[in-house]
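Proteins get letters first, then strands, A, B, ... in listed order; numbering begins at 1 in each.
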Amino acid sequence: MRLSQYFIPTLKENPTEAQIVSHRLMLRAGMIRQASAGIYSWLPLGYRVLKKIEQVVREEQDRAGCQEMLMPTIQSADLWRESGRYDDYGPEMLRIRDRHDRDMLFGPTNEEQITQIVRDNIKSYKDMPKLLYHIQWKFRDEVRPRFGVMRGREFLMKDAYSFDLDSAGARRSYNRFFVCYMRTFERLGLKAVPVRADTGPIGGNLSHEFLILADTGESEIGCHADFIDMDLRGADLDYDNEDDMQRTVDHVTSLYAAVDEQRDEETEKSLGDKLKVQRGIEVGHIFSFGTKYTAAMGAVVNGPDGESTELECGSYGIGVSRLVAGIIEASHDENGIIWPESVAPFKVGLINLKANDEDCTSACDDLYKRLTKAGVEVLYDDREGRAGVKFADMDLIGLPWQLIIGPRGLKSGVVELKNRQSSERQEISIDEAFAQLAG
RNA sequence: CGGGGCGUAGCGCAGUCUGGUAGCGCAACGGUCUGGGGGACCGUAGGUCGUAGGUUCAAAUCCUAUCGCCCCGACCA
């Protein structure tokens with residue numbers, strides 16, 4: 001993409017309404033613009049990141065054996081009356097009336113809807129278990145939306161739902177998602193800590209929140225130092241190996257981790273210098289809640305003995321749009337964003353230091369074509385203008401690599417490759433740069 | 001929902017107290033000089049001062065109402 005043609009309205013100054021760093025940087029980098037309180041438009045750069053994150057989440061859901069589908073944003077109130085939540089949910093639920101005066105709502109979550117679908121279409125124990133997910137926009141009419149997309153009213157969420165015959169099956173499903181979440185956040189370049197959570201109004205018996213560590217996080221978390229060095233990526237983790245799954249979950253959950261009022265002073269003292277106190281942002285939440293909805297909504301299957309059984313369920317959320325902000329909170333410096341390569345909107349920013357120099361521009365054009373052809377995502381700053389502006393914009397946008405080409409270097413046959421994260425610079429030949437980026 | 005604050009050019013702000021030609025910086029546009037970390041100079045364009053009503057010879061400024069946005073708290077992916 002040529003920057004001269006790209007719609008990316010960057011700002012030099014901080015908009016006053018943005019109080020936290022991710023919000024400021026997202027506005028300044030031209031990723032989002034506010035439509036109204038807690039509701040945002042995603043401009044091209046921001047939307048690219050959103051889709052990248054979504055894709056990582058999707059791949060890990062699929063890997064864990066979960067099947068993607070898509071449910072609507074607008075739901076019928078009757079469905080929620082069945083579960084009893086239409087009255088329970090309160091003013092956070094955006095209620096809508098259609099032209100026939102029917103009560104509708106913009107879904108804040110989809111338990112009722114998926115339960116209805118499963119109830120109507122699955123009748124036999126032979127079809128169990130089922131793990132289903134979708135990635136869809138939600139709306140919760142927060143009293144006080146804030147911090148940009150971190151706490152918006154409209155947000156993109158991955159929500160998955162598990163259906164099992166019995167509690168042992170439900171536990172196995174829970175474990176899958178638990179491991180899946182650890183992997184997902186690692187791929188996103190984040191340190192995630194699972195914290196045992198209140199099950200809250202959604203009900204149930206087993207629940208963990210996943211918090212990513214960032215200095216600007218909303219809640220303070222006390223946890224065992226081993227979380228910081230833990231690496232669960234282990235590609236050989238087999239989701240179908242129940243013992244492995246349970247062992248992994250047991251291992252991780254045996255380590256102390258708690259937030260806010262759940263923190264325990266004595267335990268923390270006993271940890272000594274193994275205690276890490278950091279701030280965290282909740283980006284995922286998993287629940288196992290038994291038959292809460294299936295009982296209320298009559299979702300049963302016939303067992304081998306012909307008796308009908310209420311299904312055991314869980315639901316598993318990841319705040320996809322919140323993650324965009326969360327990643328920035330966890331990864332930035334005073335100059336701007338530092339994208340992990342897995343979600344960067346482009347892999348490399350190609351900077352033409354002197355667009356009115358024929359040789360320099362043809363070298364840049366050439367390399368831009370070669371890289372693009374090789375499948376490398378390049379944002380090419382081909383604008384006329386001063387070097388400082390280009391460096392500043394590129395640092396702000398935060399692409400992992402900057403490839404800087406100017407007449408001075410070209411004379412001696414070198415270009416400069418800068419790593420945004422480490423600020424390391426190498427002076428190398430064009431071919432070496434190409435090989436390194438395309439390799 | 002309780003408490004506080006702010007709406008003036010795309011962004012950041014001054015002007016409001018004490019009514020009298022709507023301003024500054026950045027960004028934008030045209031030009032000259034420049035050219036490796038947000039450069040300089042010259043010029044241009046851009047505003048029903050959130051909205052509605054009122055007071056007044058005269059309202060960004062005073063009064064009333066209303067809408068929007070932000071912050072702190074309680075609540076949450």
Side-chain angles (χ1 to χ4, degrees), chain A residues 9-20 23-24 27-28 30 33-39 53 57 89-93 107-110 135-160 181 192 197-198 200-202 207-212 218-219 259-260 280-287 315-326 334-336 351-357 360 381 383-396 402 404-411 414-416 418 423 425 427:
Chain A
T10 58
L11 304 171
K12 197 149 113 181
E13 291 173 279
N14 282 322
T16 30
E17 79 260 22
Q19 298 296 315
I20 63 165
H23 190 193
R24 281 201 295 265
L27 288 167
R28 286 192 50 207
R33 284 295 182 265
Q34 179 166 310
S36 53
I39 303 178
I53 294 173
V57 169
Y89 220 94
E92 285 218 334
M93 182 150 72
T109 178
N110 290 69
I135 299 172
Q136 177 64 291
W137 292 92
K138 307 284 191 289
F139 195 91
R140 292 183 195 168
D141 199 357
E142 298 275 348
V143 200
R144 193 184 156 211
R146 60 184 128 168
F147 304 147
V149 300
M150 182 77 81
R151 177 106 182 260
R153 292 194 290 173
E154 188 181 63
F155 56 97
L156 186 62
M157 179 173 167
K158 184 284 303 179
D159 42 325
Y181 274 37
D198 266 338
I202 205 162
S207 174
H208 285 89
E209 289 177 2
F210 287 79
L211 286 91
I212 58 171
E218 333 173 63
S219 40
V259 282
D260 302 332
I281 300 167
E282 185 186 350
V283 289
H285 204 156
I286 60 179
F287 297 95
S315 73
Y316 314 88
I318 289 181
V320 176
S321 48
R322 168 178 279 194
L323 271 168
V324 180
E334 63 281 0
N335 296 320
I351 298 179
N352 181 349
L353 282 179
K354 199 162 183 183
N356 56 7
D357 178 298
C360 187
D381 193 344
R383 296 173 300 179
E384 299 238 359
R386 306 190 60 92
V389 176
K390 301 184 182 189
F391 290 135
D393 268 346
M394 208 52 94
D395 283 348
L396 174 63
Q402 291 174 17
I404 300 154
I405 302 185
R408 194 185 295 170
L410 281 178
K411 271 196 195 111
V414 296
V415 297
E416 185 179 317
K418 176 185 157 188
S423 293
R425 297 153 188 278
E427 298 227 315

Can you tell me the Watson-Crick or wobble partner of B/U18, both distances under 3.5 angstrom?
none

Identify the heavy atoms of A/V149 and A/A325 that sit nearest to each other, and give their distance.
CG2-CB, 3.8 Å

Can you give one letter per nucleotide of nucleotides 29-37 of chain B, going 5' to 3': B for a protein heavy atom under 4.0 Å from the base, S for sugar-phosphate only, - for none?
-----BBBB

Using the P atoms only, state how far B/G54 lies from B/U61, rounded to an integer number of Å.
14 Å

For the C1' atoms, the ones on B/G50 and on B/G5, what distance do you get once it is rounded to whole angstrom?
16 Å

Do any side-chain nitrogens or oxygens of A/Q34 fall under 4.0 Å of OP1 or OP2 in B/G68?
no

Which one, B/C72, B/C75, B/A77, comes nearest to the side chain of A/M157?
B/A77

Applying the 3.5 Å cut-off to both distances, the Watson-Crick or G-U partner of B/A65 turns out to be B/U51

Is any N or O donor-acceptor pair between the side chain of A/R146 and the base of B/C72 shorter than 3.5 Å?
no

Does the side chain of A/E92 come within less than 4.5 Å of A/E142's, by heavy atoms?
yes

Side chain proximity check, A/D393 to A/R383, heavy atoms < 4.5 angstrom
yes

Rounded to the Å, how far apart are A/F139 CZ and B/C76 P?
18 Å

A/R24 CZ to B/G12 P, straight-line distance once rounded to whole Å
13 Å

C1' atoms of B/A14 and B/G25, separation to the nearest Å
11 Å

Which protein N or O atoms sit under 3.5 Å from an N or O of nucleotides 1-3 of chain B?
none

Base, sugar-phosphate, or nothing: which does A/R28 touch, judged by heavy atoms less than 4.0 Å apart?
base

Considering the options A/D381, A/V415, A/L353, which one meets the side chain to side chain contact (heavy atoms under 4.5 Å, CB included) requirement together with A/I404?
A/L353

Please compare A/A18 and A/N14 by the position of their nearest nucleotide in RNA chain B and report the one closer to 5'.
A/N14

Determine the Euclidean distance between corresponding C1' atoms of B/G7 and B/G12; express it in Å to zero decimal places.
14 Å

State, with a plain yes or no, whether a side-chain heavy atom of A/R144 is found less than 4.5 Å away from one of A/R151.
no

How long is the line joining NE2 of A/H208 and C1' of B/A77, in whole Å?
17 Å

Pairs under 3.5 angstrom, nitrogen or oxygen only, protein versus nucleotides 26-28 of chain B, please.
unit_1, atom_1, unit_2, atom_2, d
B/C26, O3', A/K12, NZ, 3.4

Side chain of A/K158, backbone of A/Y316: donor and acceptor closer than 3.5 Å?
yes

Between B/U8 and B/U55, how far is it from one P atom to the other, in whole Å?
27 Å

Could you check which nucleotide pairs with B/A58 in any of the strands shown, counting Watson-Crick or G-U wobble with both distances under 3.5 Å?
none

Is it true that A/Q402 and A/D395 share a donor-acceptor pair across their side chains at a distance under 3.5 Å?
yes

Looking only at atom types and distance, does a side-chain atom of A/Y181 sit under 3.5 Å from a main-chain N or O of A/G317, one as donor and one as acceptor?
yes

Could you tell me whether A/G152 contacts a base, only the sugar-phosphate backbone, or nothing, with contacts defined as non-hydrogen atoms closer than 4.0 Å?
base

Nearest-angstrom distance, P atom, B/U51 to B/G68
15 Å

Does B/G12 have OP1 or OP2 sitting under 4.0 Å from an N or O in the side chain of A/T16?
yes

Say whether, by atom type as modelled, one donor and one acceptor occur between the side chain of A/T10 and the main chain of A/R28 under 3.5 angstrom.
no

Residue set satisfying side-chain contact (heavy atoms from CB on, under 4.5 Å) with A/S36, at least two apart, ordered chain then number -> A/I39, A/R153

Counting only non-hydrogen atoms, which of residues 316-326 of chain A are less than 4.0 Å from RNA chain B?
A/R322

Considering only the C1' atoms, how many Å lie between B/A9 and B/G23, rounded to the nearest integer?
11 Å

For A/P15 and A/E13 the tightest heavy-atom approach is CD-O, 3.4 Å

Nucleotide B/C6, atom C1' - distance to CD of A/E17 in whole Å
12 Å

Is the shortest side-chain heavy-atom distance between A/N352 and A/C360 below 4.5 Å?
yes

Mind checking if A/D393 touches a base, just sugar-phosphate, or nothing, with heavy atoms under 4.0 Å?
base

Quickly work out the A/I286 CD1 to B/A77 C1' distance and round it to whole Å.
13 Å

Are A/F155 and A/R322 packed together at the side-chain level, in the sense that at least one heavy-atom pair is separated by less than 4.5 angstrom?
no

Those residues at least two apart in sequence (or on a different chain) that pass side chain to side chain donor-acceptor pair (under 3.5 Å) with A/K390 are none

Any strand is fair game: report the nucleotide pairing with B/C26 by Watson-Crick or G-U wobble, both distances under 3.5 Å, or none.
B/G10

Would you mind reading off the distance between A/L11 atom CG and B/G10 atom P, rounded to a whole angstrom?
13 Å

Taking the P atom in each of B/A45 and B/C62, what is the distance between them to the nearest angstrom?
32 Å

Any heavy-atom pair between the side chains of A/E218 and A/R146 that's under 4.5 Å?
no

In this structure, how many angstroms lie between the P atom of B/A77 and the CZ atom of A/F287, rounded?
6 Å

Rounded to the nearest Å, what distance is computed from the CE atom of residue A/M93 to the C1' atom of nucleotide B/A77?
17 Å

Regarding A/R408 and A/D357, does a basic nitrogen lie under 4.0 Å from an acidic carboxylate oxygen?
no

How about A/R33 and A/L27: do any of their side-chain heavy atoms sit closer than 4.5 Å?
yes

Using Watson-Crick or G-U wobble geometry with both distances under 3.5 Å, which nucleotide pairs with B/G73?
B/C1

